[in-house]
Amino acid sequence: MSNIAWLDTSPDEERQMRELVKLFSDNGTLDDIGIGQVRDALTDQLFPATSTVHTRAKYFLLVPWIYEEAARKYTGTSARTKARDAERKLIEAMRQAGHTSGLIGRVAGASVNTLPSNLYWAALKRLNIRLDDPQGVGWNVGPTPPEGFPTRVGNGLDLNQEQASWLQERILSSAPTTYLAHLVRHGLEVDITDVVLPWNHPALSTASDYTKALVDHARLFSLTIHGAGLLYNLLLAEKFDVSEGSTSYVQDYRDALDDWANDVAACRSDIAGWNGHDFWKAVDRGRNTPVPLNTRLFVDSWLTAVRGGSAYDPARSPALRTLVADRERANKGEQSRLNNDRLLRAWSGASGAGRLVYRWPNVQVLVGDIREGLSRAAS
């Protein structure tokens, strides 16, 4: 294990900003109505060490290999500089070898602004691969890099059996009670890319009661709060039609709200039996501080309407329209599209209109890469 004593700031802050940028480019994760803190608290408990900006599982090895090698030869900021240079060499080597699926820097090459270490830094710590202490940073990585790394990349971004087994063990030992750990232990017989939503995975049936309950909280929150996101987009569509007078999205969102109401009706008994107190306890377990009161009041008001039946036609409910509009204005302030015509004109037709899936596409890649790596050796 090698150490690097940083003399400047770590990439954690940079990684957080990059994740925000990625979030705002994905209409399903935009947080106009301010429920992102609830979403993220549930996600971090279900799928720790994941991020919307992650691409391939192999980076959990590539980054430590680079930084550990730099620490053997250099110290302080020199080690970090050399490591970042090596990351850029790795990108070019991957491109030249044709390993571009999920490659960070696939288009920009070595000139890419955001390096893999910036994106995976916090996740490496969560899986106890990156070990921080007062003297510096150490690395806990078992498999060794291919000969000639980073200019020679071996099997590229694919995991071999040893690498997949090691990463599986890291997840199991660092996050043993999570749904992610359950999936990498008991969910590998299924091709996860065929599973559309996290609560549809057949392995959930054998998970612990704790995991089942947490997934169910996530499922019901995703279902119920989806209507608020659709109603917000309907409000935008109505204003957009008046200001633009061309493309209309109003009927699309009215139809989407009708479909949502049907989905809610089909789950009426589940929603009626959903314990709100237990839900908020589960959310707060994933946070250092409780969810802000104004967020909780908004969510509770919306859920009360759903449970009481008044949300089955939200497009025609003055109270719910006011609830969502007031929440967006309070959450976004001067950036509120409902108040700012310039921002409204830049609306693309959807903003936070998708259901919450709790980074499931990223989980599919991570678990899928491990599954393929383990099966690759057996074939």
Side-chain angles (χ1 to χ4, degrees), residues 28 39 42-62 99 101-103 120 123-124 126-129 140-143 154-223 263 266-267 270 282 286 354-379:
R39 174 200 64 210
L42 293 170
T43 306
D44 289 341
Q45 293 177 77
L46 292 167
F47 306 121
T50 62
S51 168
T52 57
V53 294
H54 286 179
T55 57
R56 299 293 299 274
K58 187 68 168 284
Y59 282 109
F60 283 97
L61 288 142
L62 298 174
H99 300 298
S101 178
L103 176 66
Y120 283 80
L124 290 165
R126 178 62 180 86
L127 295 185
N128 292 314
I129 300 169
N140 174 27
V141 56
N155 54 348
L157 291 168
D158 294 331
L159 297 171
N160 62 28
Q161 192 277 337
E162 179 192 14
Q163 295 161 357
S165 179
W166 173 81
L167 184 53
Q168 179 190 46
E169 182 277 331
R170 284 288 81 221
I171 294 170
L172 292 173
S173 63
S174 301
T177 63
T178 65
Y179 191 25
L180 178 62
H182 183 74
L183 290 174
V184 300
R185 183 190 291 274
H186 300 292
L188 297 181
E189 293 184 3
V190 175
D191 184 351
I192 196 171
T193 59
D194 293 333
V195 182
V196 178
L197 294 167
W199 37 88
N200 292 342
H201 200 293
L204 181 60
S205 64
T206 62
S208 67
D209 290 343
Y210 171 82
T211 295
K212 288 178 181 177
L214 188 60
V215 172
D216 210 42
H217 286 311
R219 174 180 70 91
L220 291 171
F221 183 65
S222 171
L223 169 63
D263 291 341
C267 293
D270 288 351
R355 276 195 69 173
L356 301 179
V357 295
Y358 307 100
R359 302 182 202 141
W360 185 243
N362 305 89
V363 174
Q364 288 176 306
V365 174
L366 173 59
V367 175
D369 280 353
I370 291 173
R371 177 178 184 263
E372 290 179 9
L374 293 173
S375 64
R376 192 169 285 119
S379 61

Reported OG-to-CG distance for the pair S174 and L127, which is rounded to 0.5 angstrom: 5.0 Å
Main-chain N/O of A175 paired with T178 side-chain donor or acceptor, under 3.5 Å: yes
Q161 side-chain N/O to G373 backbone N/O, donor-acceptor pair under 3.5 Å: no
Within-4.5 Å side-chain heavy-atom neighbours: N155 and H99: no
I192 vs W360 side-chain heavy atoms within contact, under 4.5 Å: yes
Beyond-backbone contact of V196 with V357, side-chain heavy atoms, under 4.5 angstrom: no
Distance, nearest 0.5 Å, that separates OG of S375 from CG of L188: 9.0 Å
Considering all heavy atoms, the nearest L223-R355 contact: N-NH2, 3.2 Å
With sequence neighbours excluded, residues passing salt bridge (Lys or Arg N to Asp or Glu O under 4.0 Å) with R170: none
Heavy-atom side-chain proximity of V190 to H201 below 4.5 angstrom: yes
Any L180 side-chain heavy atom under 4.5 Å of L366 side chain: yes
Smallest separation among heavy atoms of G102 and T55, with atom names: O-OG1, 2.8 Å
Stepwise side chain to side chain donor-acceptor pair (under 3.5 Å) test for T43 and R359: CA-CA 7 Å; T43 306; R359 302 182 202 141; 5.0 Å; no
Sequence neighbours excluded - ring-ring contact (aromatic ring centres under 6.0 Å, His included) pairs with any residue from residues 167-199: F47-Y179, H182-H186
Electrostatic pair K58-D369, nearest N-O below 4.0 angstrom: no
Any side-chain heavy-atom pair of V141 and W166 under 4.5 Å: yes
Student check: side-chain heavy atoms of Q364 and P361 closer than 4.5 Å: yes
Heavy-atom closest contact (R371 atom, E189 atom, distance): NH2-O, 3.8 Å
Sidechain-backbone polar pair: N362 side chain, S51 backbone, donor-acceptor under 3.5 Å: yes
Centroid separation H54 to Y59 less than 6.0 Å: no
Gap between atom CG of L204 and atom OG1 of T211 - 0.5 Å precision: 8.0 Å
Trace of the side-chain contact (heavy atoms from CB on, under 4.5 Å) decision for L61 with L159: CA-CA 9 Å; L61 288 142; L159 297 171; 3.7 Å; yes
Any donor-acceptor N/O pair, K212 side chain to S205 backbone, under 3.5 Å: yes
Salt bridge D44-R126, side-chain N to carboxylate O under 4.0 Å: no
Any donor-acceptor N/O pair, Y358 side chain to A218 backbone, under 3.5 Å: yes
CG-CZ distance between L214 and R219, expressed to the nearest 0.5 angstrom: 13.0 Å
Any donor-acceptor pair under 3.5 Å from T206 side chain to A203 backbone: yes
Side-chain donor or acceptor of S165 paired with backbone N/O of E162 under 3.5 Å: no
Main-chain N/O of A282 paired to Q45 side chain as donor or acceptor, under 3.5 Å: yes
Min side-chain heavy-atom separation R56-D158 under 4.5 Å: yes
Closest contact, heavy atoms only, P176 versus A181: O-CB, 3.7 Å
